[in-house]
Colleague: 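Mind looking over this structure? Questions follow.
Computed from a prediction, not measured in an experiment: that's the story for all the values here. We count ligands from 1, going down the list as the structure has it; atoms in each ligand are counted the same way.
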Amino acid sequence: MKFGTKVIHAGVEPDIGTGAIMTPIYQTSTYVQESPGKHKGYEYSRTQNPTRDALQKSIAALENAKYGICFSSGMGAIDAIIKLLKSGDEVISIDDLYGGSYRLFEQVYVGFGLKFHFTAMYSTEKVAQLINDRTKLIWIETPTNPMMNIVDIEAVADLAKGKDILIGVDNTFASPYLQNPLDLGADIVMHSVTKYLGGHSDVIMGALACNDNMLAEKLAFQQNASGAVPGPQDCFLVLRGIKTLHIRMQRHCENARHVAQFLVSHPKVEKVCWPGFETHPNHDVARKQMRDFGGMISFTLKEDSMEAAFRILEKFKIFSLAESLGGVESLCAHPASMTHASIPKEEREKIGLKDSLIRFSIGIEDVEDLISDIDQALS
Ligand code: P1T
């Protein structure tokens, strides 16, 4: 089945009882049993829920995976992966990643005896140098949030071949429409479903997908044991959002291409980070592993100060100043004070996350209106 057919049909069967074409919202906490242990496959909604089942199958199909496992947020999904590790284990991660992931690693799991290395992962040599017997997870984010760096998933996965190291990829910025990390050698793919999969800025959710039976069993155990599960209403909304994922992504990518080209020629703009430019340092890798370049762009100003960025951010009329991304509406954000404020300033500066950096999540509006809004805000 091709992608556009999968988003509409995968995981979704007409309701057994009524024939309803849309999976019903099974808003129930529990299921009646005929006799102890004699039931219809459902005991308690933390463990299984039919609306969640349909969504998990749909997400698995989009990532070419056997298993999909949903969580109450993207952070809940990452947390379930980290809980597979034990004290003394080491994780190699990228030095440019979502601030919340960095906070979970450094402010929660370091306290449980895990060690995290943050490195410029677009250089596979740097990753290779950090691998040792205690390395149990390599955590990739690509494209990265917010600098739009690209990691060669296949090359990093090759480094772990034959070793007891899991390769996890946060695929939030790309969405399964643009990139399928499991096909490139990753073991687990993760999504903040809140973003492109949900697509309408109305749900917080996370998901994992994988092919290995044992790994899926361990992750499903975490889902049930720790209990960070999404509710059925949210699962329904995401099932509905997924049906237009391919169409939305095409428009996000097309609009972002126009906006990136506009920004690059603007006199107030210093640097535009968008992997579609041939001058982007990892453009060739992006071309190889992605089907297009996505809807996210970040840029710095020639006047590098928070004040200059704030002045512009306050002027937008169509773009909304807000955290998050991947919805139909365009958003602008200031990573240094918003999404990445939990990363120390010295660390932010090492990766070029300057005080004037502005991040756009380009929506699916008419691009002419987006460009005039940017133009008036910048001037
Ligand atoms: O917000 P939540 O669903 O828990 O997902 C966390 C998360 C994980 N990974 C990436 C790459 C993300 O971008 C996020 C959430 N990011 C934002 C809220 C943001 O504005 O960048």
Colleague: Side chain, backbone, both or neither: which part of M338 has a heavy atom under 4.0 Å from ligand 1?
Modeller: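 None of M338 does.
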
Colleague: Please confirm whether G100 approaches ligand 1 to less than 4.0 Å, judged on its heavy atoms.
Modeller: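 Per 4.0 Å heavy-atom rule, G100 does not contact ligand 1.
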
Colleague: For atom 12 (C) of ligand 1, grab the closest protein heavy atom and report residue, atom and distance to one decimal in Å.
Modeller: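 Of the protein heavy atoms, Y98 CG, 3.6 Å lies nearest.
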
Colleague: Which residue and atom name correspond to the protein heavy atom nearest atom 3 (O) of ligand 1, and how close is it?
Modeller: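 Ranking protein heavy atoms by distance from atom 3 (O) of ligand 1, first comes T194 OG1, 2.6 Å.
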
Colleague: Please name the residue in the list F105, Y109, Y102 that meets the ring pair (Phe, Tyr, Trp, His ring centres under 6.0 Å) test with F116.
Modeller: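 Among the candidates, only F105 passes.
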
Colleague: Please say whether S324 places an N or O atom under 3.5 Å from an N or O atom belonging to ligand 1.
Modeller: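 So ligand 1 has an N or O lying under 3.5 Å from an N or O of S324.
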
Colleague: Heavy-atom contacts with G74 under 4.0 Å: which atoms of ligand 1 show up? List them by number with element.
Modeller: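 Every atom of ligand 1 under 4.0 Å from some heavy atom of G74: 2 (P), 3 (O), 4 (O), 5 (O).
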
Colleague: Which of the numbered atoms in ligand 1 are below 4.0 angstrom from a heavy atom of S192?
Modeller: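 Close to S192: 2 (P), 3 (O), 5 (O), 7 (C).
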
Colleague: Which of the atoms in ligand 1, numbered in the order shown and given with their element, are less than 4.0 Å from a heavy-atom of D170?
Modeller: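 Checking each atom against D170, I get 8 (C), 9 (N), 10 (C), 11 (C).
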
Colleague: Do any nitrogen or oxygen atoms of T339 lie less than 3.5 angstrom from nitrogen or oxygen atoms of ligand 1?
Modeller: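 N/O-N/O distance under 3.5 Å: no.
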
Colleague: Of K195, H191, M75, which has the heavy atom at the shortest distance from atom 4 (O) of ligand 1?
Modeller: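 Residue with the shortest heavy-atom distance to the ligand atom: M75.
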
Colleague: Among all the protein's non-hydrogen atoms, which is closest to atom 13 (O) of ligand 1, and how far away is it?
Modeller: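 Scanning the protein heavy atoms, the shortest distance from atom 13 (O) of ligand 1 goes to N145 ND2, 3.0 Å.
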
Colleague: Going by distance alone, is a donor N or O of one side chain under 3.5 Å from an acceptor N or O of the other, for N224 and T47?
Modeller: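 Result is yes, a qualifying pair exists.
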
Colleague: For residues S45 and Y31, is any side-chain donor paired with an opposing acceptor at under 3.5 Å?
Modeller: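 Present: a donor and an acceptor within the cut-off.
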
Colleague: Please work out, at 4.0 Å between heavy atoms, whether the side chain, the backbone, both, or neither of M296 comes within that distance of ligand 1.
Modeller: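 The answer is neither; M296 stays 4.0 Å or more away.
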
Colleague: Could you walk me through whether F299 and H266 pass ring-ring contact (aromatic ring centres under 6.0 Å, His included), step by step?
Modeller: CA-CA 11 Å; F299 63 101; H266 198 284; 8.9 Å; no

Colleague: Can you find a side-chain donor-acceptor pair between E90 and H117 that sits under 3.5 Å?
Modeller: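 Looking only at side-chain atoms, H117 and E90 do form a donor-acceptor pair, the distance falling under 3.5 Å.
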
Colleague: So, F3 versus Y177, ring centres under 6.0 angstrom or not?
Modeller: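 Yes, the ring centres sit under 6.0 Å apart.
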
Colleague: May I have the step-by-step check of salt bridge (charged side-chain N to carboxylate O under 4.0 Å, His left out) for E303 and R311, ending in yes or no?
Modeller: CA-CA 11 Å; E303 185 190 341; R311 236 174 17 241; 3.0 Å; yes

Colleague: Quick check: is L62 connected to L184 through a chain of hydrophobic side chains (ILVMFWY, heavy atoms under 4.5 Å apart)?
Modeller: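 Unlinked, L184 and L62 end up in two clusters.
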
Colleague: Is it the side chain, the backbone, both or neither of L325 that has a heavy atom closer than 4.0 Å to ligand 1?
Modeller: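 Side chain only.
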
Colleague: May I ask you to list the atoms of ligand 1 that are less than 4.0 angstrom from any heavy atom of M205?
Modeller: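 It comes down to these atoms of ligand 1: 3 (O).
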
Colleague: Establish, yes or no, whether a centroid distance under 6.0 Å links the rings of F173 and F293.
Modeller: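 No; F293 has its ring centre 6.0 Å or more from that of F173.
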
